[in-house]
Number of protein chains: 2
Amino acid sequence: MSETNVTIRDVARRAGVSVATVSRVVSGKGHVREATRARVNAAVQELGYRPSRMARSFRAQRSNFVGLLISDIENPFHTSLARAIEDQLYARGYSLLLCNTDEVLERERTYLQFLADERAAGVICAPASEKETSFHPVLAAGIPVVCVDRVALCTPVDSVRVNNVAAMRALTRHLLNRGHRRIGFVGLDTVITSGRERFEAYAQTLRSVGIEPDMNIIRLGKGVEAFGFQATLALFETPTPPTALITANNMLTLGALKALQKLGARIPEDVALAAFDVTPWLSLLTPRFVVAAQPIRQIAEIAVQMLMERLGGNTQPPREVLLDATLITDEALRAFGAEAETVPLNATLKIQRG
Amino acid sequence: MSETNVTIRDVARRAGVSVATVSRVVSGKGHVREATRARVNAAVQELGYRPSRMARSFRAQRSNFVGLLISDIENPFHTSLARAIEDQLYARGYSLLLCNTDEVLERERTYLQFLADERAAGVICAPASEKETSFHPVLAAGIPVVCVDRVALCTPVDSVRVNNVAAMRALTRHLLNRGHRRIGFVGLDTVITSGRERFEAYAQTLRSVGIEPDMNIIRLGKGVEAFGFQATLALFETPTPPTALITANNMLTLGALKALQKLGARIPEDVALAAFDVTPWLSLLTPRFVVAAQPIRQIAEIAVQMLMERLGGNTQPPREVLLDATLITDEALRAFGAEAETVPLNATLKIQRG
DNA sequence: CAATTCGTTGATAACGATTACACTTCTTGG
DNA sequence: CCAAGAAGTGTAATCGTTATCAACGAATTG
């Protein structure tokens with residue numbers, strides 16, 4: 001029965017054929033006479049033979065793992081992304097190696113080098129820095145890379161992300177339309193693509209209606225709950241606090257909400273809020289605010305699709321895919337499931353890039 | 001510089017030594033003259049040589065991956081667990097292969113077989129069924145297994161989990177102490193360890209005060225939001241609905257909260273709630289209720305520790321470790337961060353098992 | 001009918017590292 | 001000063017699989 005250490009040689013001996021023939025039968029390549037095939041299959045059954053994937057990978061100089069580099073799986077956006085990617089990979093016979101970088105370049109570099117040494121099949125990465133992240137080690141090893149959520153400027157590769165500019169413009173306009181002139185911003189560091197794009201869209205939208213962004217009510221930092229909390233508290237300690245607030249990702253939103261709760265500020269009566277990202281618990285909250293929802297499963301699908309095309313030998317120049325976010329108003333959010341009455345933004349862009 | 005495909009042979013040629021010597025220098029084993037070592041290191045630098053981890057794994061017949069089998073990474077408990085385990089493994093030079101089973105035995109089996117074929121270094125698993133999950137394929141391949149959160153009865157291995165019985169007894173007693181006699185229960189299927197233990201503790205605690213559990217206000221099923229939602233709605237459609245409710249994990253709690261919101265039931269005024277698991281957003285909610293918090297990082301630490309001991313050659317009989325949950329009252333939860341004023345339960349148990 | 005192609009199979013060489021073994025050369029204690 | 005052990009190094013086997021090549025008989029074709 002299925003004991004350990006049964007190799008192709010054992011099967012060959014049992015079936016009275018050469019290892020080459022067993023390989024042909026098992027891998028289904030090449031011609032083998034029906035009678036021989038049956039003998040080999042019988043031997044495989046009897047011995048409980050299973051080919052060593054490690055030996056196969058070694059022989060092929062390519063493993064079946066795809067490395068996923070994200071800052072932190074505990075960020076719900078990354079959680080959903082990881083889940084969706086894992087599903088996609090599983091369906092294609094690959095498996096997922098989870099790498100949390102915590103936005104630490106050193107750890108990111110270590111993991112990239114590791115994946116190169118390990119001859120990963122591919123890498124899906126949300127780079128910790130647009131400028132400092134280099135995929136050189138993996139690319140030099142011939143491993144394809146796809147960026148998600150962010151891009152790396154030094155080594156251009158395929159990338160998929162949400163149209164941050166359109167989404168943030170919509171969030172900002174939403175607050176402007178409600179009459180707010182003093183809108184605070186708690187965002188991500190601009191070395192991160194999503195941080196830069198979201199902040200710039202916010203600033204540009206304000207300027208487009210004649211408002212100069214005020215650095216007193218803008219805080220950029222790590223996309224974690226603690227920063228969102230502290231930054232929000234700080235914003236409201238200024239002489240002229242904002243009447244509205246924008247948070248640039250779900251962890252920042254979480255921190256901001258806790259800060260506002262601590263300050264006793266009601267949303268939207270005292271402070272209006274517009275936030276990036278959706279979480280399953282949003283509809284349970286008393287505060288009401290607009291959110292921009294990212295098409296996470298679609299990002300995952302396209303990322304994996306692109307990776308597979310590269311593995312299939314595609315050598316076209318890298319593509320950059322932008323997907324639309326969906327604006328969910330506070331009324332829609334109230335509806336159970338938070339998936340009703342969504343408002344699409346503008347059309348999907350696909351930009352060719354040198 | 002660091003080109004691809006630089007093998008140990010290239011380094012050997014460059015340094016004018018044999019591959020064995022290069023191996024000795026690079027892996028740091030065996031004696032090499034200082035001058036030779038320097039020459040080899042120079043060649044390594046010049047060529048940008050990095051040993052192929054794949055070849056190493058193949059040679060050693062053991063990879064550096066640890067498979068983590070959980071039902072769904074989107075369950076926040078699993079998310080935190082995965083994160084904590086990844087940290088532990090990273091510190092020890094291993095990496096994490098993420099496997100979502102969705103509680104589907106077929107998918108679990110597929111992954112276990114895959115990990116066996118891949119010669120994983122180890123497996124950490126929350127089995128989808130106490131009775132039907134078999135680690136035979138991995139164990140036969142000599143791969144150590146540690147169970148977390150749940151146990152597998154057919155193939156006993158090391159396991160770590162929270163003391164479900166003590167925690168659920170405390171939750172139930174809490175509601176009883178507040179005068180509730182009719183306490184509903186939305187829990188997990190009893191083929192899952194945590195489902196069975198939590199339900200039994202609930203039932204036993206009720207009986208201990210002379211209350212016979214009423215199946216009309218008990219629902220057991222998949223630990224997902226949708227089930228929590230539907231089950232809760234169903235409970236309150238009965239002729240004599242409960243005055244209090246217990247939910248057995250965080251996804252069920254999420255669903256239950258949405259259901260109660262839909263029903264317009266205030267917590268705790270209309271319905272009291274006691275729940276298993278903590279989530280970061282709990283303190284933002286208007287509803288107030290008690291929760292049992294699991295020591296997730298500790299579970300991860302012990303699980304990885306046990307795995308490492310097995311990898312180190314430990315052949316003692318499997319150990320079963322139970323850790324204490326922490327009861328967090330609604331008042332404590334109000335405090336920011338939800339980590340103040342915790343109430344420890346009873347002492348840690350360690351049970352030897354045949 | 002000769003020439004070619006195809007189907008079938010086995011022997012063998014990789015893939016890139018580690019390591020047991022053998023063979024020098026040093027040390028060093030007696 | 002010699003024997004014995006240690007240090008330093010190379011050769012070759014090995015891990016399990018797949019791919020290349022050659023060999024041979026059967027079938028096809030001009």
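The model shown is predicted, which means the values in this text are computed figures rather than measured ones.
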- Between atom CZ in A:Phe58 and atom C1' in C:dA14, what is the gap in whole Å? 9 Å

- Any Lys/Arg nitrogen of B:Arg14 or B:Asp10 sitting under 4.0 Å from an Asp/Glu carboxylate oxygen of the other? no

- Note on the structure: Atom NE2 of B:His31 and atom P of D:dG8 are separated, to the nearest Å, by 7 Å

- Look at B:Glu86 together with A:Arg107 and state whether they make a salt bridge at an N to O cut-off of under 4.0 Å. yes

- Is a side-chain N or O of B:Asn100 found less than 3.5 angstrom from the main chain of B:Ile73, in a donor-acceptor match? yes

- Rounded to whole angstrom units, what separation is found between the CD atom of B:Gln61 and the P atom of D:dT14? 14 Å

- Message: Strictly below 4.0 Å, N to O, side chains only: are B:Arg53 and A:Asp117 in salt-bridge contact?
- Response: no

- In residues 32-42 of chain A, which residues come under 4.0 Å of DNA chain C by heavy atom? A:Val32, A:Arg33, A:Thr36

- Item | Sidechain-backbone polar pair: B:Ser95 side chain, B:Phe65 backbone, donor-acceptor under 3.5 Å | no

- Item | A:His78 versus A:Ser71, side-chain donor and acceptor atoms under 3.5 Å | yes

- Message: When you compare the side chains of A:Arg92 and A:Gln88, does any donor N or O come within less than 3.5 Å of an acceptor on the partner?
- Response: yes

What's touching nucleotides 25-27 of chain D from the protein side, N or O pairs under 3.5 Å?
none

- Give a yes or no answer on whether the side chain of B:Thr193 reaches the backbone of B:Val151 with a donor-acceptor pair at less than 3.5 Å. yes

Atom pairs under 3.5 Å: protein N/O with N/O of nucleotides 17-20 of chain D:
from   : atom 1 : to      : atom 2 : distance (Å)
D:dT17 : OP1    : A:Tyr49 : OH     : 2.8
D:dT17 : OP1    : A:Ser52 : N      : 2.8
D:dT17 : OP2    : A:Ile8  : N      : 2.5
D:dT18 : OP1    : A:Arg56 : NE     : 2.8
D:dT18 : OP1    : A:Arg56 : NH2    : 3.3
D:dT18 : OP2    : A:Ser23 : OG     : 2.7
D:dT18 : O2     : A:Arg59 : NH1    : 2.1
D:dA19 : O4'    : A:Arg59 : NH2    : 3.0

- Message: Five pairs per end, C1' atoms only: what is the angle between the end axes of the helix from C:dC1-D:dG30 to C:dG30-D:dC1, to 10 degrees?
- Response: 40°

- Message: Under 3.5 Å, is there a donor on one side chain and an acceptor on the other for B:Ser80 and A:Glu74?
- Response: yes

- What's the CG-P distance between A:Asn5 and D:dG16, to the nearest Å? 7 Å

- Item | Qualifying residue for salt bridge (Lys or Arg N to Asp or Glu O under 4.0 Å) with B:Arg150, from B:Glu130, B:Glu103, B:Glu108, B:Glu320 | B:Glu103

- Message: Please enumerate all residues that pass side-chain hydrogen bond (donor to acceptor under 3.5 Å, both in side chains) together with A:Arg310, with sequence neighbours excluded.
- Response: A:Asp158

- Got a sec, which residues hit side chain to side chain contact (heavy atoms under 4.5 Å, CB included) with A:Leu89, two or more places apart in sequence or on another chain? A:Val66, A:Ile85, A:Tyr94, A:Leu96, A:Val304, A:Met308

- Task: Figure out the CZ/P separation between B:Arg13 and D:dG10, and round it to whole Å.
- Result: 14 Å

- Query: What's the CE-P distance between B:Met54 and C:dT18, to the nearest Å?
  - Reply: 14 Å

- Message: Check this one for me: any side-chain N or O of A:Thr21 less than 4.0 Å away from OP1 or OP2 of C:dG10?
- Response: yes

- Message: Closer than 4.0 angstrom, basic N to acidic O: yes or no for A:Asp102 and A:Lys222?
- Response: no

